[in-house]
Amino acid sequence: MLRTHTCGELNLSHLHQKVTLSGWVQRSRDLGGMTFLDLRDRYGITQLAFNEETNADICNQARKLGREWVIQVQGTVTERFSKNKNIATGDIEIIVDIINVLNQAKLPPFTIEDITDGGEEIRMKYRYLDLRRNPVKNNIIFRHKLSIEVRNYMNEAGFLEIETPFLIKSTPEGARDFIVPSRMNPGQFYALPQSPQTFKQLLMVSGFDRYFQIVRCFRDEDLRADRQPEFTQIDCEMAFVEQEDILNTFEGLTKHLFKKVKNIEFDSIPRMTYADAMRLYGNDKPDIRFEMTFVDITSIVKGKEFKIFDDAEAILGINANGCANYTRKQIDDLTDFVKRPQVGASGMVYIRFNEDGSLKSSVDKFYSEDDLRIITEKMNAKAGDLLLLLSGKTEKTQKALSELRLEIGSRLKLRDSSKFAPLWVIDFPMLEWDEETARFYAKHHPFTSPKPEDIYLMDTNPGLVRANAYDLVINGVEIGGGSIRIFEKELQRKIFNLLGFTPEDAQEQFGFLMNAFEFGAPPHGGIAFGFDRLCSVMSGVDSIRDFIAFPKNNNGRDVMIDAPAGVSQQQLNELFIELGKIPE
RNA sequence: GGUUCGGUAGUUCAGUUUGGUUAGAAUACGUGCCUGUCACGCACGGGGUCGCGGGUUCGAGUCCCGUCCGGACCGCCA
């Protein structure tokens, strides 16, 4: 037997037992007459003790063991002289009789410890070693627990987990597809699914009225800390439901997961319309852990010869409570922040409401004290506050001020990663106008149903039509989104027409779905949660990479296995693929 | 496609602003000493294509140009 116990379970109740343990050498401490060695496995660390006086031979063997060697030991569980309260097995140690080296190990390129000396890059290259470290290992275990609890809840709620194919058909809408050549069908390609969207709708037609799947999805777009080319969704669909049923069901899932995995309980999750989210936070995924909502002061600041405001479509401000003591340097810092091209503001105006009640602004030249008072009143400012104003085109200004708000929130430590503020954002617009191609695109996807009371706008002002679409946002991160789908053929035809599909295009790309809908499609809708993001947000971490066992880097590369890579000419020949000129 | 930060010992970094002797620190590693450590301690030691290519200069880790690689972000992600 290679082991009788793991390295995490022995305690005083096992005293004097003969045990066999196997694991990796974490580190050894050679004190001369004694050597201590930490043996590690997935479950923890157990201290092995060697005494030169009582057993010189085994003590010498122990001195020769290197870091990360895989060993098996036999010995006796003994109470320690000096205990270690920091680890579960800290009351005991093993007096070892026999060491068996199962495998030697090269010296690892970075230290396998909770706080490692290794940087991101080298740890990714040796990811299998990084996964030995507690912080990374615990993330993977956390993910496992979360997936089990998802399945528990969904199963209890009557959902069936059904797998859908990975080799499907490419559609031009939405994200870029990963494509896979078909050897048996030369010149033709599969696409990997961006989501099982159409399949889950077909399952509704089939009568599986509650479906879910924890499923890999693929999108060939540029990456971010919270975006990977392959990622995992909790994908769900329900038939014979309205929006309210879906929100309630998945509010229940969210509460269940937080309760079971984090032992955190929520009241009901608040709801906010898309329009309010944009008006108050300039963002369709607001972080509502803190207030600092936008105030529109456009109507009260114009006409004072301040050209920048006079020319602006919108002048919006936030109140940075208690920041009147910001130094000139700190304010310049914020100005630089909003002027970064990623944020895109051309400047920032501040009004400082000093503790003594006086006002100081960067636009004193244009605004009298009385003018400024009107602004401070409108913005609900009191002594000690700092008002920050941005102006310009409405959308750009909203975006920039939203960034600024989050930045101030971070600086004021209002974005506590141990606090969780979930939010439903509802009533998304159905369509989005794209300037470049001068046409409407579906904001969610082309099967999203419009709100019945807005259908009359479809012919006259389609941009105003709201959809039965909703997002779940936690701490400013979009965790999930979904909609009530269109299930009537006539309405679907109309939407495709609005999106610029000819009937032939629509038939070509989505014919299988539209045809299915002619055979008795029930009313249905669904939602999909980004599972990796849920893991990271619940853990208060920004990067989803930490929760994926083998993630890809910024350029979509797996630096461990060095993929993607070229393939042999023979493989290309079989697929009838000829490579064009590859840009330098 | 764009913005920005970085690449120096196995590893993490300092040194680059203002070019100048033999490129440092910590940690890891090796050797020795040490009987209660648990980030053990102490002493000694080995370890460098300063990402790569070119240029300026008497002289380049340091300045200039190019290039590759990595991180963060914008665009993109129905």
Side-chain angles (χ1 to χ4, degrees), chain A residues 26-40 45-54 59 63 66-68 78-87 89-90 93 106-126 129 171-177 194-195 197-198 217-229 231 336-337 339-344 396 399-400 403 428-432 434 436 440-448 467 469 478 481-483 495 499 509-510 528 530 542-543 545 553-555 557 559 583-584:
Chain A
Q26 175 72 34
R27 74 165 68 231
S28 62
R29 293 176 290 279
D30 180 356
L31 271 64
M34 297 204 75
T35 292
F36 297 101
L37 193 142
D38 291 339
L39 189 67
R40 185 197 72 237
I45 281 182
T46 299
Q47 176 164 287
L48 312 179
F50 305 87
N51 191 318
E52 181 147 81
E53 216 163 77
T54 51
C59 198
R63 286 195 184 106
R67 268 184 196 256
E68 300 303 316
T78 311
E79 186 168 3
R80 289 201 198 183
F81 285 3
S82 47
K83 296 178 177 165
N84 182 348
K85 299 216 179 329
N86 298 321
I87 61 173
T89 62
E93 65 194 1
K106 290 212 301 196
L107 199 64
F110 52 89
T111 55
I112 313 288
E113 281 161 21
D114 289 4
I115 297 177
T116 177
D117 64 1
E120 185 85 3
E121 200 177 343
I122 193 126
R123 287 190 288 118
M124 280 302 166
K125 186 165 176 191
Y126 297 92
L129 297 181
T171 53
E173 289 275 306
R176 204 174 283 116
D177 285 318
Q194 299 172 23
S195 84
Q197 183 60 39
T198 49
C217 301
F218 306 86
R219 291 178 190 175
D220 186 8
E221 295 293 347
D222 285 6
L223 309 181
R224 291 284 188 282
D226 64 348
R227 256 162 40 192
Q228 285 272 301
F231 61 99
D336 288 343
F337 173 83
K339 284 165 91 168
R340 288 167 51 213
Q342 282 89 338
V343 179
K396 258 187 96 172
K399 177 178 173 286
E403 294 291 334
F428 274 81
M430 189 169 72
L431 303 166
E432 202 169 27
D434 180 59
E436 224 168 279
F440 281 109
Y441 281 85
K443 188 161 175 83
H444 187 50
H445 58 59
F447 317 112
T448 301
E478 182 191 332
S483 64
I495 302 287
L499 293 172
Q509 283 170 34
F510 302 111
D542 286 334
S543 172
R545 281 177 210 171
N553 78 2
N554 235 359
N555 295 323
R557 296 201 68 84
V559 294
E584 293 287 318

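All heavy atoms count here, side chains included; hydrogens, waters and symmetry mates do not. Within every chain, numbering begins at 1; the chains are lettered A, B, ... in the order of the sequence lines, protein sequences first and strands thereafter.
A straight line from NZ of A/Lys85 to C1' of B/C38 spans 13 Å, rounded to a whole angstrom. One can place CD of A/Glu221 at 16 Å from C1' of B/C73, the figure rounded to the nearest angstrom. Regarding A/Phe50, its CZ atom lies at a distance of 13 Å from the C1' atom of B/U37, rounded to whole Å. Atom CZ of A/Arg224 is separated from atom P of B/C73 by 6 Å (rounded to the nearest Å). Rounded to whole angstrom, the span from the CZ atom of A/Phe337 across to the P atom of B/U4 amounts to 16 Å. When the P atom of B/C73 is taken as reference, atom CG of A/Asp222 falls 12 Å away, rounded to whole Å. Following rounding to the nearest Å, A/Lys399 (NZ) and B/C74 (P) show an atom-to-atom distance of 7 Å. Rounded to a whole Å, the CG atom of A/Asp226 is 13 Å from the C1' atom of B/C76.
For A/Arg227, the side chain to side chain contact (heavy atoms under 4.5 Å, CB included) partners at least two apart in sequence or on another chain are A/Arg224, A/Arg533. Partners of A/Lys399 under the side chain to side chain donor-acceptor pair (under 3.5 Å) rule, at least two apart in sequence or in another chain, do not exist in this structure. Shown here are the side chain to side chain contact (heavy atoms under 4.5 Å, CB included) partners of A/Phe337, two or more places apart in sequence or in another chain: A/Arg340, A/Val343, A/Glu403, A/Leu404, A/Glu407. Checked against side chain to side chain donor-acceptor pair (under 3.5 Å), A/Arg27 has the following partners two or more places apart in sequence or in another chain: A/Glu113. Under the rule for a side chain to side chain donor-acceptor pair (under 3.5 Å), the partners of A/Lys83 that lie at least two apart in sequence or sit in another chain are A/Glu79. Residues passing the ring pair (Phe, Tyr, Trp, His ring centres under 6.0 Å) test with A/Phe50, sequence neighbours excluded: none. Looking at residues two or more places apart in sequence or on another chain, you find a side chain to side chain donor-acceptor pair (under 3.5 Å) between A/Gln197 and A/Gln201, A/His445.
Base pairing of B/G36 is not made with any nucleotide, judged by Watson-Crick or G-U wobble geometry with both donor-acceptor distances under 3.5 Å. Applying the Watson-Crick and G-U wobble criteria (two distances, each under 3.5 Å), B/C13 pairs with B/G24. Pairing partner, B/G70: B/C5, with both Watson-Crick or wobble hydrogen-bond distances short of 3.5 Å. Of all nucleotides present, none satisfies the Watson-Crick or G-U wobble test against B/U18 with each distance under 3.5 Å. Taking a pair to require two hydrogen-bonding distances under 3.5 Å in either a Watson-Crick or a G-U wobble arrangement, B/U56 remains unpaired.
Scanning atom types as modelled, no donor and acceptor separated by under 3.5 angstrom connect the side chain of A/Arg219 and the base of B/C76. Side-chain N/O atoms of A/Arg80 and base N/O atoms of B/C38 include a donor-acceptor pair closer than 3.5 Å.
B/G20 and B/G30: their C1' atoms are spaced 35 Å apart (whole Å). B/U21 and B/A39 have their P atoms separated by 42 Å, with the value rounded to a whole Å. The C1' atoms of B/C34 and B/A43 are separated by 11 Å, rounded to the nearest whole Å. With both ends at atom P, the span from B/U62 to B/U57 equals 16 Å, rounded to whole Å. On the P atoms, B/G75 is 27 Å away from B/G66, given to the nearest whole Å. B/U17 and B/C63 are spaced 5 Å apart, taking the P atom of each and rounding to whole Å. Atom name C1', nucleotides B/U22 and B/G47: the rounded distance is 16 Å, in whole Å. Taking atom P in both B/G24 and B/U37, the straight-line distance is 37 Å, to the nearest Å.
Within 4.0 Å (heavy atoms only), A/Glu93 reaches at least one base atom of the nucleic acid. Nucleic acid contact class of A/Tyr441 (heavy atoms, under 4.0 Å, all strands): none. Using a 4.0 Å heavy-atom cutoff across all strands shown, A/Ser195 reaches at least one base atom of the nucleic acid. Within the 4.0 angstrom heavy-atom criterion, no nucleotide atom of any strand lies near A/Arg123. Counting non-hydrogen atoms under 4.0 angstrom, A/Pro446 reaches a base of the nucleic acid.
Between A/Met124 and A/Arg557 there is no side-chain heavy-atom pair separated by less than 4.5 Å. The shortest distance between side-chain heavy atoms of A/Asp38 and A/Arg29 falls below 4.5 Å. A/Ile87 has its side chain out of reach of A/Gln47: every pair of non-hydrogen atoms, C-beta onward, lies at least 4.5 Å apart.
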task = Assign a letter to each nucleotide of nucleotides 7-16 of chain B from its 5' end: B, base within under 4.0 Å of a protein heavy atom; S, sugar-phosphate only; -, no contact.
result = ---BBS----
note = Expected string for nucleotides 39-52 of chain B under the B/S/- scheme (protein heavy atoms, under 4.0 Å, primed atoms plus P, OP1, OP2 as sugar-phosphate) is SB------------
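Contact between the side-chain N/O atoms of A/Arg63 and the OP1/OP2 oxygens of B/U31 is not found at any separation under 4.0 Å. At B/G70, none of the side-chain N or O atoms of A/Asn554 fall inside 4.0 Å of OP1 or OP2 (strictly under the cut-off). Between A/Asn555 and B/G70 there is a side-chain polar atom (N or O) within less than 4.0 angstrom of OP1 or OP2.
A/Asp177 contributes a side-chain N or O that, together with a main-chain N or O of A/Thr171, makes up a donor-acceptor pair within less than 3.5 Å.
Which of B/C38, B/C73, B/U35 sits closest to the side chain of A/Gln342 comes down to B/C73. Listed candidates were B/G75, B/G71, B/C73. Nearest to the side chain of A/Ala225 is B/C73.
Residue A/Lys396 places its NZ atom among 12 or fewer non-hydrogen atoms of other residues, nucleotides or ligands, all under 6.0 Å distant.
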